[in-house]
Amino acid sequence: MRILITGGTGFIGKTLCPLLVSQGHELVLWTRQLNPSLPEGVTEYVNQLSELEPNSVEAIINLAGAGIADKRWSTERKNLLISSRVKTTEQLVAWIEAQTVKPEVLVSSSAVGFYGEQGNNAVTEQTQPATGFTHDLCVAWEAAALAAEKLGVRVCLVRTGVVLGKGGGSLAKMLPAFRLGAGGRLGSGQHWFPWVHLTDMAKIYAWLVKNKQVSGVFNASAPNPVTNAEFTKALGKALNRPTIFPMPEAVLKVLFGEMAELLLVSAKMLPQRLIEEGFEFSYSEIDQALAAIINA
């Protein structure tokens with residue numbers, strides 16, 4: 001298939017694109033960068049959707065969005081987080097509408113933030129969400145993608161957990177402190193941490209493109225979530241370092257403001273629909289996943 005990808009130069013895209021190429025797909029990236037560093041196997045990109053040949057795309061994977069944990073959540077930053085996701089998705093759907101031959105599928109990112117604070121409850125795709133900024137962001141993001149259904153396009157929404165992999169994402173920010181033996185749990189450490197290995201994250205997107213019978217919402221996280229305390233212990237074990245320096249909740253709120261919610265919210269997310277539909281995870285246990293990343 002010829003697949004259009006947004007956000008293809010990001011953390012997930014750099015792993016996903018080579019996987020798709022290895023499966024025989026032809027990729028074109030939509031990027032704002034004038035001279036992007038393209039992922040392995042990708043040779044074509046456009047800066048504007050108008051540069052695409054009409055009716056030339058069979059599938060779209062939408063990964064675009066400013067990093068949600070990159071800066072404090074000022075009003076300006078919140079607006080950017082929303083616009084970089086919602087407006088980009090709306091532009092994609094408008095482009096789809098203008099095509100005589102529509103793409104078969106739109107696989108669009110969302111996030112575990114849709115669910116908000118869930119305590120110790122198991123979180124499936126049917127779980128009722130709690131309100132908050134990340135929920136509102138995800139609702140608008142998903143609604144923009146779902147508009148493509150009215151155009152006859154199959155839509156899959158990927159509510160992503162914390163993606164763990166080498167060379168980027170949340171783990172890259174954690175590792176310096178943990179390597180020095182200065183890592184520790186956040187707050188009480190009892191909040192749930194819905195993680196997924198980068199390899200599985202890429203596999204999920206490729207799988208959703210391939211499997212024409214599936215649509216709707218999918219939780220993208222490993223089948224065995226852990227608490228923050230359990231994750232902290234596992235990372236210390238993988239690095240052979242102590243994890244004795246907890247970060248109190250009050251300090252996190254001073255350091256990060258409202259964004260501290262990302263570090264403290266509890267969502268025991270389970271990939272119920274992926275499992276029901278037959279997706280197989282390569283990394284289902286946190287010790288296994290971290291060992292593979294650290295030793296890579």
Side-chain angles (χ1 to χ4, degrees), residues 1-14 16-17 20 27-33 36 39 45-52 54-70 73 76-99 101-116 125 129 132-161 163 201-202 204-209 214-220:
M1 300 177 79
R2 180 170 167 81
I3 304 175
L4 173 66
I5 300 182
T6 71
T9 60
F11 182 49
I12 295 173
K14 288 177 181 176
L16 173 59
C17 287
L20 292 170
L27 309 184
V28 54
L29 269 55
W30 177 28
T31 175
R32 302 286 201 269
Q33 301 173 40
Y45 71 93
V46 296
N47 294 130
Q48 303 289 337
L49 290 175
S50 58
E51 298 171 33
L52 287 168
N55 308 318
S56 63
V57 170
E58 298 167 89
I60 299 175
I61 296 176
N62 181 26
L63 303 172
I68 198 162
D70 288 355
W73 289 354
E76 181 181 7
R77 184 65 183 176
K78 283 183 174 181
N79 289 336
L80 176 62
L81 292 173
I82 294 169
S83 64
S84 64
R85 289 163 171 78
V86 177
K87 289 186 178 180
T88 296
T89 306
E90 288 174 343
Q91 287 178 280
L92 282 171
V93 174
W95 182 85
I96 291 171
E97 187 171 14
Q99 305 307 299
V101 180
K102 315 295 188 195
E104 295 177 13
V105 59
L106 167 62
V107 183
S108 193
S109 294
S110 183
V112 61
F114 175 89
Y115 298 108
E125 290 86 353
F133 170 67
T134 57
H135 170 68
D136 294 342
L137 169 62
C138 290
V139 167
W141 195 6
E142 293 183 7
L146 285 170
E149 286 187 330
K150 296 179 181 178
L151 305 174
V153 176
R154 177 169 65 93
V155 176
C156 297
L157 302 173
V158 185
R159 291 179 183 161
T160 309
V163 182
M201 194 68 247
I204 288 168
Y205 276 100
W207 185 87
L208 290 171
V209 167
V214 302
S215 63
V217 174
F218 292 85
N219 287 347

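Since the structure is predicted, the reported quantities are computational estimates derived from the model, not experimental observations. When a residue number appears, it is its place in the shown sequence, counting from 1. Quick note: numbers below take in every heavy atom, side chains included, and nothing from hydrogens, waters or symmetry partners.
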Please check if the side chain of Trp30 supplies one atom and the backbone of Ile5 the other of a donor-acceptor pair under 3.5 Å. no
By side chain to side chain donor-acceptor pair (under 3.5 Å) - contacts of Thr160 (at least two apart): none
Between Asn55 and Val101 (side chain of the first, backbone of the second, donor and acceptor by atom type, cut-off under 3.5 Å), is there such a pair? yes
Would Glu142 and Arg159 pass as an ion pair if we require N to O under 4.0 Å? yes
Is Gln48 atom CD crowded by more than 12 heavy atoms from other residues, nucleotides or ligands, each under 6.0 Å away? no
All heavy atoms of Val153 vs all of Pro103, minimum pair found to be CG2-O, 3.5 Å
When every non-hydrogen atom of Pro36 is compared with those of Tyr45, the smallest separation belongs to CD-CZ, 3.4 Å
With a 3.5 Å distance limit and no angle check, can you tell me whether Glu97 reaches the backbone of Leu151 through a side-chain donor-acceptor pair? no
Heavy-atom closest contact (Ala145 atom, Leu106 atom, distance): O-CD2, 3.8 Å
By salt bridge (Lys or Arg N to Asp or Glu O under 4.0 Å), which residues pair with Lys78, not counting sequence neighbours? Glu258
Using the ring-ring contact (aromatic ring centres under 6.0 Å, His included) criterion, which residues pair with Phe133? Sequence neighbours excluded. Trp73
Listed by chain and number, what are the salt bridge (Lys or Arg N to Asp or Glu O under 4.0 Å) partners of Glu149, not counting sequence neighbours? none
Show the nearest heavy-atom pair for residues Pro39 and Leu29, with the distance to one decimal. CD-CD2, 3.7 Å
Are any non-hydrogen side-chain atoms of Val28 and Glu51 less than 4.5 angstrom apart? no
Measure from the side-chain N and O atoms of Glu58 to the backbone N and O of Arg2, and report whether any donor-acceptor pair falls under 3.5 Å. yes
Can you tell me how far apart OG1 (Thr9) and CZ (Arg32) are? Round to the nearest 0.5 Å. 11.5 Å
side-chain contact (heavy atoms from CB on, under 4.5 Å) assessment of Leu49 paired with Leu4: CA-CA 10 Å; Leu49 290 175; Leu4 173 66; 3.9 Å; yes
Side chains of Glu125 and Leu157: does their closest heavy-atom pair fall under 4.5 Å? no
Ignoring hydrogens and geometry, is there a side-chain-to-backbone donor-acceptor pair from Ser215 to Arg154 under 3.5 Å? no
Nearest heavy-atom pair of Thr31 and Asn47: which atoms, and what distance? O-ND2, 2.8 Å
side-chain contact (heavy atoms from CB on, under 4.5 Å) evaluation trace for Val93 with Lys150: CA-CA 10 Å; Val93 174; Lys150 296 179 181 178; over 6 Å; no
Less than 4.5 Å apart, side chain to side chain, heavy atoms only: is that true for Trp95 and Leu52? yes
Check whether any side-chain N or O of Ser84 sits under 3.5 Å from a backbone N or O of Ala66 as a donor-acceptor pair, and report yes or no. yes
Heavy-atom closest pair (Ile68 atom, Leu81 atom, distance to 0.1 Å) is CA-CD2, 3.7 Å
Value rounded to 0.5 Å, distance of OG in Ser110 from CG in Leu146: 9.5 Å
Going through the checks in order, is the side-chain contact (heavy atoms from CB on, under 4.5 Å) test met by Leu20 and Tyr205? CA-CA 9 Å; Leu20 292 170; Tyr205 276 100; over 6 Å; no
Result for side chain to side chain contact (heavy atoms under 4.5 Å, CB included) between Ile60 and one of Val107, Val105, Ile96 points to Ile96
Apply side-chain contact (heavy atoms from CB on, under 4.5 Å) to Leu80 and Arg77, showing your working. CA-CA 5 Å; Leu80 176 62; Arg77 184 65 183 176; 3.3 Å; yes
Side chain to side chain contact (heavy atoms under 4.5 Å, CB included) involving Glu76 - partner list, sequence neighbours excluded: Ser74
Using the test ring-ring contact (aromatic ring centres under 6.0 Å, His included), find all partners of Tyr115 that sit at least two apart in sequence or belong to another chain. none
Partner of Cys156 by side chain to side chain contact (heavy atoms under 4.5 Å, CB included), out of Leu208, Ile61, Val209: Leu208
Ile204 and Phe218, any side-chain heavy atoms less than 4.5 Å apart: no
